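These notes are about the structure you will find just below.
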There are 2 protein chains.
Amino acid sequence: MSAVKTSTKEKIVLLATELIETKGYSGFSYQDISDRLNIKKASIHYHFPAKEDLGLAVFDAFVQGIDDFIKKLDFDRMSPTAKLAEYFRYHAEATLDCNKISCIGAMTSEWNVLPERLRERIDKFNQWHAAFIVDILKEGVKSGEFRPFGSLEEQALFIIASTKGALLMARERKSTELYHAVARQIMGCLKG
Amino acid sequence: MSAVKTSTKEKIVLLATELIETKGYSGFSYQDISDRLNIKKASIHYHFPAKEDLGLAVFDAFVQGIDDFIKKLDFDRMSPTAKLAEYFRYHAEATLDCNKISCIGAMTSEWNVLPERLRERIDKFNQWHAAFIVDILKEGVKSGEFRPFGSLEEQALFIIASTKGALLMARERKSTELYHAVARQIMGCLKG
DNA sequence: GTCTATATATAGATAGAC
DNA sequence: GTCTATCTATATATAGAC
């Protein structure tokens with residue numbers, strides 16, 4: 001872990017991510033960032049000319065973060081149950097301060113007002129996301145850890161939907177526990 | 001069914017509901033309404049001085065709509081399974097044009113940027129909502145129709161979360177079928 | 001790369017005529 | 001109850017100095 005300085009550009013993306021996860025894409029402004037980083041709005045526009053550019057950078061960093069998370073875990077050697085547990089643990093981080101939902105959940109919530117390029121990238125991610133869960137389920141059914149119900153594709157969408165909804169409700173109720181309760185329920189359904 | 005004229009005030013609430021369910025509370029403006037109803041912004045302010053007032057009216061109408069829906073069904077005589085099926089059918093209406101989520105889901109998605117009075121009312125509704133589902137579950141477990149897993153309170157939150165997430169994803173994917181698939185999954189979990 | 005200054009559009013809201 | 005006109009605040013964005 002080398003002591004790498006965080007550039008202004010990186011700081012902007014990190015803060016914008018937090019703002020999107022708390023207030024939403026249309027809910028945050030360059031002024032919010034300007035205030036908290038003590039830089040002027042024009043400086044943000046230097047790094048990200050349009051808000052859309054910043055939105056895309058935030059989303060790309062989010063996807064990269066997931067990639068890193070998976071790589072760090074030595075995912076391939078884990079059991080399907082352990083993989084799903086990590087999936088839930090990953091999302092749990094958003095609920096720690098009871099003020100955030102996931103980046104993808106926030107953006108999905110604002111679907112109809114998002115710039116087209118952002119929607120395209122979200123669509124692409126969602127395809128990957130569903131396939132990722134289907135793979136885990138396939139493996140788990142094969143090993144006898146999971147009980148299949150309906151198609152695995154449907155089951156995957158169900159898990160993703162429940163997780164998104166749980167994050168929304170946990171933020172609203174200011175309850176990390178609510179999120180964990182729902183995660184337990186999902187796991188319970190899979191285990192039959 | 002008498003031919004009752006829809007007042008301007010009612011038209012505003014109906015359209016605002018649709019706008020919130022498609023674009024979100026912060027995503028819609030008085031101008032949107034002005035354009036589509038061919039009235040001036042000032043006229044909307046006459047009926048609803050502040051946007052918050054309109055938001056509250058929309059939410060109250062939403063709650064009233066649920067009340068009417070339940071009353072119309074003769075809910076008390078229905079089986080727990082039928083009650084839940086109606087619950088899913090009620091939410092399915094939002095997905096028909098693949099462009100909406102529920103009013104409560106939309107508002108929950110924007111939790112941190114909502115006016116305080118609206119949040120209070122949402123909180124109150126959510127308490128009722130969870131208790132409503134718990135009652136159905138209790139009855140279903142008693143009759144042997146449902147399989148309990150964890151506490152009934154947790155199971156209720158799980159159903160609510162899944163439904164909210166399913167609506168979000170159905171809007172994004174423009175797929176009514178996605179919503180129904182998730183609803184089937186939930187029912188499958190309950191039936192064991 | 002950051003600043004000051006400014007442009008332009010839109011949002012929420014009010015005053016007062018009709 | 002609806003209109004015209006106007007106000008104020010804020011949002012996104014650009015020009016050009018340092």
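Below, chains carry the letters A, B, ... as their sequence lines are ordered, and counting in each starts from 1. Computed from a prediction, not measured in an experiment: that's the story for all the values here.
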DNA chain C contacts among residues 12-28 of chain A, heavy-atom distance under 4.0 Å:
none
Mind checking what makes side chain to side chain contact (heavy atoms under 4.5 Å, CB included) contact with B:Gln31, not counting sequence neighbours?
B:Ser29, B:Ser34, B:Asp35, B:Lys41
side-chain N/O B:Ser43 vs D:dG1 OP1/OP2, d < 4.0 Å:
no
Measure from the side chain of A:His47, starting at C-beta and using heavy atoms only, and say which of C:dC3, D:dG1, C:dG1 lies closest.
C:dG1
Presence of salt bridge, B:Glu18 and B:Arg36, under 4.0 angstrom:
yes
Not counting sequence neighbours, which residues clear side chain to side chain donor-acceptor pair (under 3.5 Å) with B:Glu153? List them please.
none
Quick test: give all pairs of protein nitrogen or oxygen and nucleotides 13-18 of chain C nitrogen or oxygen below 3.5 Å, distance rounded to 0.1 Å.
| unit_1 | atom_1 | unit_2 | atom_2 | d |
| --- | --- | --- | --- | --- |
| C:dA13 | OP2 | B:Lys51 | N | 2.6 |
| C:dA13 | N7 | B:His45 | NE2 | 3.1 |

Please enumerate all residues that pass side chain to side chain donor-acceptor pair (under 3.5 Å) together with B:Arg89, with sequence neighbours excluded.
B:Glu86
Of residues 103-115 of chain A, the positions that come close to DNA chain C - non-hydrogen atoms, cut-off under 4.0 Å
none
Which of the following nucleotides, C:dA11, D:dG1, D:dA11, is nearest to the side chain of A:Gln31?
D:dA11
Applied to residues 130-141 of chain A, the side chain to side chain donor-acceptor pair (under 3.5 Å) test, sequence neighbours excluded, yields A:Lys83-A:Glu139
Any pair with a residue in residues 21-42 of chain A that passes ring-ring contact (aromatic ring centres under 6.0 Å, His included), sequence neighbours left out, goes on the list, sorted by first then second residue, please.
A:Tyr30-A:His45
Pairwise side chain to side chain donor-acceptor pair (under 3.5 Å) hits with a residue in residues 56-67 of chain B, at least two apart:
B:Asp60-B:Arg121, B:Gln64-B:Asp68, B:Asp67-B:Lys71
Which pairs count as ring-ring contact (aromatic ring centres under 6.0 Å, His included) when at least one residue sits in residues 98-138 of chain B, sequence neighbours excluded?
B:Phe59-B:Phe125, B:Phe62-B:Phe125, B:Phe75-B:Phe132, B:Tyr87-B:His129, B:Phe125-B:Trp128, B:Phe125-B:His129, B:Trp128-B:Phe132
Could you pull out all residues at least two apart from A:Thr6 that satisfy side chain to side chain donor-acceptor pair (under 3.5 Å)?
none
Any pair with a residue in residues 151-191 of chain A that passes ring-ring contact (aromatic ring centres under 6.0 Å, His included), sequence neighbours left out, goes on the list, sorted by first then second residue, please.
A:Phe158-B:Phe158
